[in-house]
Amino acid sequence: EAGVTQFPSHSVIEKGQTVTLRCDPISGHDNLYWYRRVMGKEIKFLLHFVKESKQDESGMPNNRFLAERTGGTYSTLKVQPAELEDSGVYFCASSQALIGEKLFFGSGTQLSVL
Amino acid sequence: ILNVEQSPQSLHVQEGDSTNFTCSFPSSNFYALHWYRWETAKSPEALFVMTLNGDEKKKGRISATLNTKEGYSYLYIKGSQPEDSATYLCALNSGYALNFGKGTSLLVTP
């Protein structure tokens with residue numbers, strides 16, 4: 001069974017540019033999460049989808065971040081325009097159950113904004 | 001948001017040493033406590049999920065305990081091996097989201 005896959009694994013862009021990250025969750029997992037780790041800090045929650053609906057987007061930093069999950073399958077996270085402080089590792093995770101079950105993580109996208 | 005603290009921040013041990021890390025939290029008001037193992041450039045991998053006070057879980061040489069009354073969880077590694085080198089992350093389910101600690105970075109040298 002394929003795990004959670006993320007693309008790209010690395011992205012280097014200039015301040016002001018746009019970047020779109022993609023996540024393919026494990027097939028059948030209704031729950032999809034985005035997290036971010038800024039260097040030296042803890043991994044922080046960004047948002048949670050249940051199928052195609054945004055269940056909780058309280059962790060999204062600001063309106064430069066837009067997440068979508070059309071059709072309830074893969075998800076994209078777009079940053080437009082990117083700022084220096086957006087640099088970090090963006091993780092996607094999926095699960096079958098809502099609360100209390102382990103999450104399956106992707107290997108992350110390392111985003112560097114110069 | 002629950003504040004999750006992990007200690008130590010980093011640890012360097014010799015192969016064969018046993019070691020343990022601590023995850024502490026201020027409240028027992030959460031659904032579950034998770035431990036993940038993360039090697040850089042790889043996916044964080046779930047080790048344990050614990051829900052009840054007194055829970056103990058074991059997976060090979062790694063085990064974990066949970067004390068919700070005093071607000072801590074311990075992760076133990078018996079006879080550390082170089083392949084155990086990784087960052088060990090503790091997280092709490094207070095709702096849908098996981099609140100992570102900063103992790104403990106373990107280096108095991110031969």
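Basis for what follows: all heavy atoms, side chains included, without hydrogens, waters or symmetry-related copies. Here is the naming used below: chain letters follow the sequence lines, and residue numbers restart at 1 for every chain.
- For Ser107(A) against Ser43(B), the heavy-atom pair with the smallest separation is N-OG, 3.2 Å.
- Chosen from Ala97(B), Ala46(B), Gly101(B), the residue pairing most often with chain A at heavy-atom distances under 4.5 Å is Ala97(B).
- In this structure, the separation between CD1 on Ile43(A) and OG1 on Thr87(B) is 9.0 Å, given to the nearest 0.5 Å.
- Asn3(B) contributes atom CG, which lies 8.0 Å from atom CD of Glu42(A) (distance to the nearest 0.5 angstrom).
- Other residues, nucleotides and ligands contribute only 12 or fewer heavy atoms inside 6.0 Å of the NZ atom of Lys41(A).
- The minimum heavy-atom distance linking Arg37(A) with Lys102(B) is given by the pair NH2-O, 3.9 Å.
- Heavy-atom distances place the side chain of Tyr36(B), and not its backbone, under 4.5 Å from chain A.
- Residues Leu92(B) and Trp35(B) share a hydrophobic cluster, clusters being chains of Ile/Leu/Val/Met/Phe/Trp/Tyr side chains in contact below 4.5 Å.
- Between the CG atom of Leu89(B) and the CZ atom of Phe105(A) there is a distance of 8.0 Å, given to the nearest 0.5 Å.
- Phe91(A) and Trp38(B) have perpendicular rings, their planes meeting at more than 60° on a 0 to 90° scale where under 30° would count as parallel.
- Crowding of Asn62(A) atom CG: a count of heavy atoms from other residues, nucleotides or ligands under 6.0 Å exceeding 12.
- Residues Leu47(A) and Tyr74(A) fall into different hydrophobic clusters, defined by Ile, Leu, Val, Met, Phe, Trp and Tyr side chains chained together at heavy-atom separations under 4.5 Å.
- Put simply, NE2 on His34(B) and NZ on Lys102(A) are 11.0 Å apart, with the number rounded to the nearest 0.5 Å.
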Could you walk me through whether Tyr35(A) and Phe100(B) pass ring pair (Phe, Tyr, Trp, His ring centres under 6.0 Å), step by step?
-> CA-CA 10 Å; Tyr35(A) 287 85; Phe100(B) 282 89; 5.7 Å; yes
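- Annotation for Tyr76(B): hydrophobic cluster partners, listed by chain and number, are Tyr72(B), Tyr74(B) (ILVMFWY side-chain heavy atoms under 4.5 Å, direct or chained).
- There is no contact between Leu33(B) and chain A, counting heavy-atom distances below 4.5 Å.
- The local environment of CD in Gln17(A) is crowded, with over 12 non-hydrogen atoms from other residues, nucleotides or ligands closer than 6.0 Å.
- Annotation: Gln14(B), atom CD; neighbour count of heavy atoms from other residues, nucleotides and ligands within 6.0 Å is above 12.
- In this structure, chain B has no heavy atom under 4.5 Å from any part of Phe104(A).
- Taken together through direct or relayed side-chain contacts under 4.5 Å among Ile, Leu, Val, Met, Phe, Trp and Tyr, Leu77(A) and Tyr33(A) form parts of separate hydrophobic clusters.
- Every pair passing disulfide (SG to SG under 2.5 Å) that includes a residue from residues 15-110 of chain B is listed here, sequence neighbours excluded: Cys23(B)-Cys90(B).
- Rounding to the nearest 0.5 Å gives a distance of 10.0 Å between CD of Gln110(A) and OG1 of Thr40(B).
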